[in-house]
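For reference, the structure discussed in these notes is given below.
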Protein chains: 4
Amino acid sequence: MSKLGRPINCVGVDTCQRLLIEARRSFAADGFDATTNKKLAQSVGITTAAIYHYFPSKIEMYVAVFTDVQDLVCKTIENAISKDADFSENISKTVDALAALTVREPAVVAFVMSVSSEAHRHPEVKKAVLPLSGRIGRILLDVCEKAVSRGEVSEQISAQSLEDMLTVVLSGLGRFNMVYKDARRTKELVNSMKLLLTGAAFRVSTSV
Amino acid sequence: MSKLGRPINCVGVDTCQRLLIEARRSFAADGFDATTNKKLAQSVGITTAAIYHYFPSKIEMYVAVFTDVQDLVCKTIENAISKDADFSENISKTVDALAALTVREPAVVAFVMSVSSEAHRHPEVKKAVLPLSGRIGRILLDVCEKAVSRGEVSEQISAQSLEDMLTVVLSGLGRFNMVYKDARRTKELVNSMKLLLTGAAFRVSTSV
Amino acid sequence: MSKLGRPINCVGVDTCQRLLIEARRSFAADGFDATTNKKLAQSVGITTAAIYHYFPSKIEMYVAVFTDVQDLVCKTIENAISKDADFSENISKTVDALAALTVREPAVVAFVMSVSSEAHRHPEVKKAVLPLSGRIGRILLDVCEKAVSRGEVSEQISAQSLEDMLTVVLSGLGRFNMVYKDARRTKELVNSMKLLLTGAAFRVSTSV
Amino acid sequence: MSKLGRPINCVGVDTCQRLLIEARRSFAADGFDATTNKKLAQSVGITTAAIYHYFPSKIEMYVAVFTDVQDLVCKTIENAISKDADFSENISKTVDALAALTVREPAVVAFVMSVSSEAHRHPEVKKAVLPLSGRIGRILLDVCEKAVSRGEVSEQISAQSLEDMLTVVLSGLGRFNMVYKDARRTKELVNSMKLLLTGAAFRVSTSV
DNA sequence: GATGAATGAGCTTTCATTCAT
DNA sequence: AATGAATGAAAGCTCATTCAT
C-alpha cells in the first residue's frame with residue numbers, strides 16, 4: 001500500500017527524448033516486435049507503465065520516431081542537393097551526406113530502411129505511417145526528373161525508374177552498413193557506388 | 001478420449017514438404033517472429049504439435065528452409081554464369097536469372113533477403129545459419145575477381161568492393177520487388193539496373 | 001517545468017461537488033470497477049492526481065457518494081409517508097415519489113440499487129458502507145409494522161416479509177428503469193405496480 | 001527450456017465443464033470484471049493459458065455460460081407452465097420452480113440477474129449476448145397475453161406491463177436471495193410474493 | 001488547488017513447447 | 001503420424017496511488 005505511487009526523489013530529465021532516441025535505436029536494430037516495452041523502459045531507466053505517460057501505445061511511439069527520423073533524412077538530402085549542380089554531382093553529394101549520416105547516426109538510416117518491412121508486417125503501422133511517408137521519394141524523384149529533362153541519362157531510362165534505382169542503391173548502402181559493421185569496407189563501397197552512379201565504374205563502357 | 005491419437009484416413013503425404021514451402025513463404029513475408037506455429041499449422045492443415053514431428057524446434061525449421069533456399073539461389077546464379085563470358089555479360093545474365101526467379105518464386109528471393117536481418121535480430125538463428133551462409137557471396141566474389149584480373153573494371157574498385165556492390169544491387173532489387181508488388185515497374189527497374197551495371201546508363205560517361 | 005503547480009486562472013469552484021455528481025452517475029451506470037479515476041477526472045476536467053485533494057481514496061469517494069444518496073432517498077420516502085394515512089396510501093405515495101425521483105435523478109436510484117452488489121463484490125466497500133446502510137430499510141419496516149398491527153394485510157404475511165416485498169418491488173422498479181430506458185413503459189409499470197401493491201390488480205381475488 | 005510444455009501425468013477430466021461451472025459461479029458472484037482468468041484457472045486447477053484452449057476469449061466464455069444458463073432457466077419456466085392452468089396457477093408454479101432453482105443452483109439465477117447490467121457495462125458483452133437474449137421474456141409474455149385475453153387481470157393493465165411486473169418481481173426475488181443469503185427469510189418472501197401476485201395479499205381489496 | 005511524472009501490481013492474451021494417447 | 005490438453009514465460013496495457021512542484 002504505502003510503496004505504491006511515484007517514488008521519492010526521482011528526477012527524470014527529458015525522459016521523453018531519451019525514450020524516443022532509444023526507441024529509434026531499438027526499432028532499427030531489433031525490429032518492432034523485438035522492441036519490447038520492458039527492454040525499452042529498462043534502457044531508459046523507468047517502468048513500462050511510465051512509457052504510457054508519453055505515448056498512448058507502442059504504435060504511436062513508432063509513428064513519433066518515424067516522423068522524427070523522416071525529417072532528419074529529408075533535411076540531409078535537401079541540403080546535399082543544389083539546383084545548379086548536375087545530376088552526377090547531386091547524387092555524389094547525396095551519397096556522401098547519407099553515408100556521413102549513417103556513420104553519425106546509424107539508427108536513423110537503419111530505421112528508415114526497416115520502415116517498409118515493418119509496415120508490411122504490421123497493418124496498424126502501415127495505416128499510421130503511410131500517410132506520412134513518401135516525402136523522401138518525392139525529393140529524389142525531383143532530382144531524377146530534372147536529370148531526365150536535361151538529357152543527362154540514357155533515353156532508355158525513365159525518371160521513375162531512375163528514382164527506383166537510386167532508392168535501391170541508397171537503401172542498399174544503409175542496409176549493408178547495418179549488416180556488416182565494417183566502416184572501412186563500407187567507405188570503399190560508398191566510393192565504388194559513387195563511381196557506378198556517375199558512370200565511371202567500368203572500362204568496358206569506354207572501350208566499346 | 002477416443003479421438004486422440006493419429007486420425008484414420010490421414011495420408012500425410014509430404015506434409016513435411018508442404019510445411020517447408022509454407023514456412024518459407026511466411027518467414028519471407030511476415031518474418032521469423034510473426035511466423036507462429038499456429039498460423040503455420042493452420043495453413044498446412046495440422047496441429048501445432050504435429051510440427052514437432054518434422055522439426056525439433058522453430059529455429060531448426062528456419063535452418064531447413066534456409067538450406068533449401070540457398071541451394072536454389074546458388075544453382076540459379078551458377079547456371080547464369082559462364083567462364084567464357086565477360087563480366088558485363090555474366091552480370092546481365094545473373095540479374096535476368098534472379099529477376100526471373102523472383103517472379104516464379106517470390107518467397108525464395110524475399111527469404112534470402114531477410115536472412116541477414118533475422119540473423120541479427122535472433123542470435124540463435126545467427127548461430128545456426130552462419131556456418132552455412134556465405135555460399136552466394138563466394139560465387140559472386142569469384143566472378144568479380146576474374147573481372148578485376150581481366151582489367152574489366154576501374155582500378156579504383158577492388159574485387160571485394162565490386163562484390164559488395166553486386167550484393168547491394170541484387171538484394172536491393174529483391175527487396176524492391178517485395179515492397180512494391182508492381183511487376184511492370186520492377187521489370188523496368190531491372191533493365192535500368194542492367195544498363196547501370198554494364199556501364200551504359202549515363203550519357204556523361206560517353207561525353208567525357 | 002514552468003507548467004507545474006497550480007495553473008493560473010483556475011477557479012476550482014465546487015470541483016468537489018462536480019466530482020461527487022459525476023462519481024454518482026458513473027458508479028451507478030458503470031459500476032465501481034469500471035469507474036476509473038482517469039475517466040472521472042476527464043469528465044470533471046481535472047487530473048487524476050487532483051482527485052486526491054478531495055478524497056483520500058476511491059473507496060472513500062464511494063462512501064461519500066453513498067451518504068449523499070442515502071440521505072436523498074430517505075428524505076424522499078419520509079416526505080411521502082404520513083402517520084395518518086393507511087398502508088395502501090403510503091405505499092402508493094412512496095412509489096410515486098421514488099418514480100419521480102428516478103425520472104429527475106436517475107443516477108440516485110440506480111446507485112442505491114447497485115450498492116448491495118458492489119458491497120458484495122468489494123469487501124472494502126462493504127466494510128465502509130455497512131455501518132451506514134439500513135436506514136431506508138428501517139423506514140419501510142416502520143410502515144409495514146404499523147400496517148400489520150392495524151390488520152391491513154393478510155395474516156399470512158409478517159411485517160419483515162412485507163418489507164422485503166416492498167424492497168424487492170421498489171428496487172426492481174429502479175432496476176427496470178435503468179435497463180430499459182423507456183419512460184412511457186416505466187410509467188405504465190409504475191401504475192401497474194401500485195395497483196398490485198394496493199391489491200386491485202387481479203379480478204380473481206374479487207370474483208372468489 | 002526443459003521445463004516448458006505440458007507437465008507429465010496431468011489428467012484433466014472434464015476441464016471444460018468445470019471451467020463453465022466455475023465461470024458461472026464467479027460471473028454471478030463477482031461480476032465480469034472481477035472474474036479474472038487467474039482466479040478462474042486456480043479454482044479449476046489449471047493455468048490461465050489453458051483457458052484459451054477452450055474459449056478464444058473471456059467474452060466468448062461469458063457467452064457460453066450465458067447460453068447454458070438461459071437454457072436452464074427457460075426449461076424450468078416452461079416446465080412450470082401449463083396451457084390448461086389459469087394465470088394465477090401458472091405464476092404460482094413458476095415462482096415455486098424458480099425459487100427451487102435458486103436454492104439448487106444459486107449461481108444460475110444470480111447470473112441471469114446480472115446479465116443486463118454486465119451487458120450495459122461492457123459493449124462487447126452486449127453485442128454478443130443481445131441476439132441470444134429475450135427468450136425468457138418471450139415465454140413470460142405468452143403467459144401474460146393469455147391471461148389478458150382470458151380477462152384474468154384488471155383492464156388497466158396491459159400484457160406488456162404485466163410481463164414487466166413479473167420480470168421485476170422474479171428478478172427481484174433472485175436478487176434478494178443473492179444479497180441476504182437467508183433461506184428461511186427468502187422462503188417466507190416467496191410465499192408472500194405468490195400471495196401478492198395471485199391477488200390475495202391484502203384485505204383492503206376485498207373489504208372495500 | 002492542481003499538475004506532470006512515475007510506480008507496483010495486475011489483467012488479458014499469445015507463444016513455443018511438451019506429453020500421453 | 002498426429003492429436004488434444006496443458007504449460008511457463010512474456011507481451012502490451014491499465015489502474016489506483018504517490019510525490020515534488
Side-chain angles (χ1 to χ4, degrees), chain A residues 1-13 15-16 33-39 41 45-54 56-59, chain B residues 1-8 10-12 15-16 33 36-39 41 45-54 56-59, chain C residues 1-8 10-12 15-16 33 36-41 45-54 56-59, chain D residues 1-13 15-16 33-34 36-39 41 45-54 56-59:
Chain A
M1 278 287 170
S2 62
K3 289 206 170 184
L4 285 185
R6 190 190 189 188
I8 56 178
N9 287 335
C10 68
V11 261
V13 234
T15 306
C16 185
D33 286 327
T35 297
T36 68
N37 285 342
K38 201 178 179 181
K39 281 191 224 162
I46 55 175
T47 60
T48 57
I51 294 179
Y52 290 81
H53 193 59
Y54 301 98
S57 74
K58 202 181 167 189
I59 296 273
Chain B
M1 281 289 166
S2 60
K3 287 201 172 185
L4 283 185
R6 185 188 186 188
I8 54 180
C10 77
V11 228
T15 302
C16 183
D33 285 328
T36 68
N37 284 343
K38 201 176 178 181
K39 281 191 225 160
I46 55 176
T47 60
T48 56
I51 293 179
Y52 288 80
H53 264 281
Y54 302 99
S57 76
K58 200 182 168 188
I59 295 275
Chain C
M1 281 289 167
S2 60
K3 287 202 172 185
L4 282 183
R6 186 187 186 188
I8 53 179
C10 74
V11 229
T15 302
C16 185
D33 285 327
T36 68
N37 284 344
K38 201 176 177 182
K39 281 191 224 160
L40 224 49
I46 55 176
T47 60
T48 56
I51 293 179
Y52 288 80
H53 263 281
Y54 302 98
S57 75
K58 200 182 169 187
I59 295 273
Chain D
M1 278 286 170
S2 62
K3 288 204 171 186
L4 285 184
R6 191 192 188 186
I8 58 179
N9 287 335
C10 68
V11 262
V13 236
T15 305
C16 185
D33 285 327
T36 67
N37 286 341
K38 203 178 179 182
K39 282 190 223 162
I46 55 175
T47 59
T48 58
I51 293 179
Y52 289 80
H53 194 58
Y54 300 98
S57 74
K58 202 182 168 186
I59 295 273

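Per chain, numbering begins at 1; letters A, B, ... match sequence-line order.
Contact annotation: D:T15 does not reach the phosphate of F:dA5 (side-chain N/O to OP1 or OP2, under 4.0 Å). The side chain of D:T36 contributes an N or O atom lying less than 4.0 Å from OP1 or OP2 of E:dC11. Phosphate proximity of F:dA5 to D:H53: present, with a side-chain N or O under 4.0 Å from OP1 or OP2. A sub-4.0 Å separation between OP1 or OP2 of F:dT3 and a side-chain N or O of B:T47 is present.
Take the nearest nucleotide of DNA chain E for B:P56 and for C:G45: the residue whose nucleotide is more 5' is C:G45.
Under the Watson-Crick or G-U wobble criterion, with both distances below 3.5 Å, F:dA20 is paired with E:dT3. Remark: F:dA10 base-pairs with E:dT13; criterion is Watson-Crick or G-U wobble with both hydrogen-bond distances under 3.5 Å.
Considering only side-chain atoms of A:N37, the nucleotide from F:dC13, E:dA6, F:dA5 that sits closest is F:dC13. Out of E:dT12, E:dA16, E:dT3, the shortest distance to the side chain of C:A49 is found at E:dT3. Picking from E:dT13, E:dT18, E:dA2 the nucleotide with the shortest atom distance to the side chain of B:Y52 gives E:dT18. Closest to the C:A50 side chain, of the nucleotides E:dA6, E:dC15, E:dA2, is E:dA2. The side chain of D:I46 lies closest to F:dT7, out of F:dT17, E:dC15, F:dT7.
Rounding to whole angstrom units, CG of residue D:D33 and P of F:dT14 are separated by 14 Å. Summarising the geometry, the separation between CD1 on A:I51 and C1' on F:dT14 is reported as 14 Å, rounded to the nearest angstrom. Taking atom OH of residue D:Y54 and atom C1' of nucleotide F:dA6, one finds them 8 Å apart after rounding to whole Å.
Contact annotation for A:T48: base contact, defined as any heavy-atom pair under 4.0 Å involving a base atom.
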